[in-house]
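These numbers come from the heavy atoms of this one structure, side chains and all, not from hydrogens, waters or symmetry mates. In what follows, chains are A, B, ... by sequence order, proteins preceding strands, each numbered from 1.
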There are 2 protein chains.
Amino acid sequence: MNNNRDFIEKLRSSGLRPTKQRLEICKLLFDRKKTFHFTISDLSKILKKETIKKISLATIYNTVHSFKKKGYLKEISIDTEKTYFDTNTSNHHHFLDISTNELIDLKEDDVDNIKIKKNLPGKKIRSIEVLVKIENNN
Amino acid sequence: MNNNRDFIEKLRSSGLRPTKQRLEICKLLFDRKKTFHFTISDLSKILKKETIKKISLATIYNTVHSFKKKGYLKEISIDTEKTYFDTNTSNHHHFLDISTNELIDLKEDDVDNIKIKKNLPGKKIRSIEVLVKIENNN
DNA sequence: CAGTACTTTAGAATCATTATAAATTACATC
DNA sequence: GATGTAATTTATAATGATTCTAAAGTACTG
């Protein structure tokens, strides 16, 4: 569990001023045990409920984008309708539960090493991402 | 290579009237040897160039969506900025070349069988999609 | 504490997509 | 072929998410 002091340090060390808006958002995003997957709209709703002073929508967008640029968040494309962000910035895979629309992290170990047999000359692999769509079993 | 007659049949058989707009779009999308990946904007530009009579943007959206609903096109999420459609509707994987932003199909054989070790009770796997990001090798 | 650059903010602007409603077209029936 | 009807196309308006703007507020340096 992080406390405010840690977040202040984290922000300062990457050149972001630790404003109260950014700290609120840090607390919400990073002070958890499990990976958090969210859309801007999710985040906005939670902040509205959990925060005393309103944080403007523009600030939420600004903050999420600067956190992404600093490498604290990863943007993921699993749905053309929604833009998700992921607090787990490591290279990893996902389950997408079509029945509930829930996104679940897969650990490295959960997926066998993937071998790509095709090879394009002059190109190298930067990353491999797997999306496993799952649904109710009936 | 398909000809107009084939497209008329194809459309009729799925309950879509073979209008000249739909036939133009069929010809453009399906009369090719290689898979075609496109955005609505791409399609719109090509149609503007290659077609005598203007096809309205609304019609392009309508047509692509009905083709998707009929299973002639697949929507793919590889980029949060753009919505791509794919004329290859089979379950398959992709290379995304970050240097050129080009999307390339991987055949089944190009990727070794993927084993997912994690198993969620009550859920079954519907599909597995792999996105391999590649870049210039220097 | 003063100055400056960084942030936040509300609201306007933009862009892709979808909705609307009128005009056109495809097609079944005569 | 002509006619009626439902499907389709179209221009335009509406929507909704995101980005821009420029003014007010804040963090931080010296």
Remaining members of hydrophobic cluster (4.5 Å side-chain criterion), V130(A): F95(A), I104(A), L106(A), V111(A), I114(A), I116(A), L120(A), I125(A), I128(A), V132(A), I134(A), F95(B), I104(B), L106(B), V111(B), I114(B), I116(B), L120(B), I125(B), I128(B), V130(B), V132(B), I134(B)

Boundaries of the chain B footprint along DNA chain D (any atom under 4.0 Å from a heavy atom): dA6(D) to dA11(D)

Distance, rounded to the nearest Å, where L47(A) contributes CG and dT8(C) contributes C1': 14 Å

Whole-Å distance separating the CZ atom of F67(A) from the P atom of dT7(C): 11 Å

Salt bridge (Lys or Arg N to Asp or Glu O under 4.0 Å) against K133(A), all qualifying residues, sequence neighbours excluded: E129(B)

Those residues that, when tested against H37(A), pass ring-ring contact (aromatic ring centres under 6.0 Å, His included) (two or more places apart): H94(A)

K117(B) with D109(A): basic N within carboxylate O range, under 4.0 Å: no

Short side-chain to backbone donor-acceptor contact, R22(B) and R17(B), under 3.5 Å: yes

N/O (side chain, H65(B)) to phosphate O (OP1/OP2, dT18(C)) under 4.0 Å: yes

Step-by-step side chain to side chain contact (heavy atoms under 4.5 Å, CB included) determination, L103(B) to I76(B): CA-CA 11 Å; L103(B) 195 60; I76(B) 43 180; 3.4 Å; yes

Flag if over 12 foreign heavy atoms under 6.0 Å of NZ, K124(A): yes

Backbone N/O of N88(A) and side chain of D86(A): donor-acceptor pair under 3.5 Å: yes

Selection residues 53-70 of chain B - residue pairs positive for side chain to side chain donor-acceptor pair (under 3.5 Å), sequence neighbours left out: K68(B)-E75(B)

side-chain hydrogen bond (donor to acceptor under 3.5 Å, both in side chains) partners for E135(A), two or more places apart: R126(B)

Parallel, tilted or perpendicular: rings of F67(B) and F30(B) (30°, 60°): tilted

Interatomic distance, Q21(A) CD vs dT8(C) C1' [rounded to whole Å]: 6 Å

Residues within residues 70-83 of chain A bordering DNA chain D, heavy-atom distance below 4.0 Å: T83(A)

Report all interatomic pairs (protein N or O, nucleotide N or O of nucleotides 26-30 of chain C) with separations under 3.5 Å.
{"unit_1": "dA26(C)", "atom_1": "N3", "unit_2": "R17(B)", "atom_2": "NH1", "d": "3.2"}
{"unit_1": "dC27(C)", "atom_1": "OP1", "unit_2": "R12(B)", "atom_2": "NE", "d": "3.2"}
{"unit_1": "dC27(C)", "atom_1": "OP1", "unit_2": "R12(B)", "atom_2": "NH2", "d": "3.4"}
{"unit_1": "dC27(C)", "atom_1": "OP2", "unit_2": "R12(B)", "atom_2": "NH2", "d": "3.4"}

Derivation and outcome, side-chain hydrogen bond (donor to acceptor under 3.5 Å, both in side chains), residues N91(B) and S127(B): CA-CA 8 Å; N91(B) 217 330; S127(B) 69; 5.0 Å; no

Partners meeting side-chain hydrogen bond (donor to acceptor under 3.5 Å, both in side chains) with T89(B) (sequence neighbours left out): none

Residues within residues 48-61 of chain B bordering DNA chain D, heavy-atom distance below 4.0 Å: K53(B), K54(B), I55(B), S56(B), A58(B), T59(B)

For K34(B), all residues meeting side-chain hydrogen bond (donor to acceptor under 3.5 Å, both in side chains), sequence neighbours excluded: none

Bend angle of the helix from dC1(C)-dG30(D) to dC30(C)-dG1(D), from helix axes over five pairs at each end, nearest 10°: 30°

Pairing of K123(B) and D97(A) as salt bridge, 4.0 angstrom limit: yes

Atom-to-atom span, CD1 of I25(A) to C1' of dT8(C) - whole angstrom: 11 Å

